Amino acid sequence: MDDLDWEAHRPAVFGAAYRLLGSVAEAEDVVQDVWLRAAAADRSGIADPRAWLVTIGARLAYNVLKSARVRREEYTGPWLPEPLPTGPDAAEQVIVDDSVGTAMLLVMEELTPPERVAFVLHDVFDIPFDQVAGVLGKSPVASRKLASRARARVAAARGEHPTASRAERRRVLTAFRAAAEGGDFERLVGLLHPDAVYIADGGGKTIASRRPITGAERIARLLSRTATHRGDRIAFIEIGGALALATYRDDRILWLDTVEIENGRITTVHRLANPEKLTHL
């Protein structure tokens, strides 16, 4: 395959695989497999290389996704997707929208594998339903219905949890970082919604709560304690197109906090502490 053509379409292939799998490592494996298959294929009759490559990637990711669902049922504690760096220095440039954010990936995790594939291919990458049907082994009409159900679920989630502006996110996270670094319990309580939820993914590899924690005071107590006792600095990092916070010790990321914000207060803290999911950062 012509190197220029592949490099032009590689981000779309990775982007589709990542949205389907929520795993950077697994998406990279899919990308490599797509490249090998495409390089060996007869491409003379391919009118739309991007759609063709994304469809191949989706078919491979669909197979992985079905087995991944079983693995996640056996996962220790809450499962969070692997973070995707999306800032200017990110190694993998990908088509960015809110469907690569932690919250939306968790919403899509609740969809069935066919619903997720139909939604990502059609609604995100504009792949026609006849091609979606080929991936799923269903009719175009059935594929359209799957995408419609998924779209309704995603729209409901977006309506319930509107996305904060970049300016508001930076303002809240700047205050949050200062309060966490200073162990300022009262300030943390003020930045958290009274009914805020804290969800941690340690994967059984490190100390992390295996159940969600609810309530501003309980979360603030945990955050103020862990930040001052375990980390030596907290830095901004862009993940999934949105600002997040990484806590370091000796230049190694201990955990990554992605948050949801409404009306100037943090409603959800997703803390990823599983070291296996942080190595690529």
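Nothing fancy with the numbering, it's 1 onward along the sequence. Just so you know, these numbers come straight off a predicted model, no measurement behind them.
Residues Arg271 and Asp201 are not paired through a salt bridge, judged by the lack of any N-O separation under 4.0 Å between the basic side chain and the carboxylate. A salt bridge links Glu109 with Arg116: the closest approach of a Lys/Arg side-chain nitrogen to an acidic carboxylate oxygen falls below 4.0 angstrom. For Glu28 and Arg10, the salt-bridge test passes: some basic side-chain N is under 4.0 Å from an acidic carboxylate O. The residues Arg149 and Glu115 are annotated as salt-bridged, a charged nitrogen and a carboxylate oxygen being separated by less than 4.0 angstrom. A salt bridge links Arg166 with Glu238: the closest approach of a Lys/Arg side-chain nitrogen to an acidic carboxylate oxygen falls below 4.0 angstrom. Between Arg233 and Asp251 there is a salt bridge, since at least one side-chain N of the basic residue sits less than 4.0 Å from a carboxylate O of the acidic one. In summary, Asp232 and Arg249 do not engage in a salt bridge, as defined by a charged side-chain N under 4.0 Å from a carboxylate O.
In this structure, Pro78 and Arg210 approach most closely via the heavy-atom pair CD-O, 3.5 Å. Closest of all the heavy-atom pairs between Leu146 and Ala118 is CB-CB, 4.0 Å. Between Ala196 and Ile266, the shortest heavy-atom distance links the atoms CB-O, 3.6 Å. What you find for Pro114 and Lys138 is that their closest heavy atoms are CB-CE, 4.3 Å. In this structure, Gly15 and Phe125 approach most closely via the heavy-atom pair C-CZ, 3.8 Å. The shortest heavy-atom contact between Arg265 and Pro194 is NH1-CD, 3.2 Å.
The 12-atom threshold is exceeded at CG of Asp130, counting heavy atoms of other residues, nucleotides or ligands nearer than 6.0 Å. When the shell of 6.0 Å around CZ of Arg151 is examined, it contains more than 12 heavy atoms from other residues, nucleotides or ligands.
In this structure, a donor-acceptor pair under 3.5 Å is present between the side chains of Tyr75 and Asn274. Glu260 and Thr267 share no side-chain donor-acceptor pair at under 3.5 Å.
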Requested in this report: Evaluate the side chain to side chain contact (heavy atoms under 4.5 Å, CB included) criterion for residues Val269 and Val197: first the C-alpha distance (whole Å), next the side-chain angles of each, then the deciding distance (0.1 Å), finally the verdict.
Outcome: CA-CA 6 Å; Val269 178; Val197 179; over 6 Å; no
Report task. Determine, stepwise, if the pair Leu254 / Arg252 fulfils side chain to side chain contact (heavy atoms under 4.5 Å, CB included). Result -> CA-CA 6 Å; Leu254 295 178; Arg252 179 174 66 88; 3.5 Å; yes
Requested in this report: Decide yes or no on side chain to side chain contact (heavy atoms under 4.5 Å, CB included) for Leu53 and Trp6, but give the supporting numbers first.
Outcome: CA-CA 9 Å; Leu53 291 167; Trp6 170 245; 4.1 Å; yes
Query raised in the report: Can you list the steps and then say if Val189 with Phe185 is a side chain to side chain contact (heavy atoms under 4.5 Å, CB included)?
Result: CA-CA 6 Å; Val189 171; Phe185 173 77; 3.7 Å; yes
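For Thr86 (side chain) and Gly241 (main-chain N/O), a donor-acceptor pair under 3.5 Å exists by modelled atom type.
Among Leu36, Leu60, Val13, the one residue that satisfies the side chain to side chain contact (heavy atoms under 4.5 Å, CB included) test with Val31 is Val13.
Expressed to the nearest 0.5 Å, how far NE2 of His270 lies from CD1 of Ile239 amounts to 14.0 Å.
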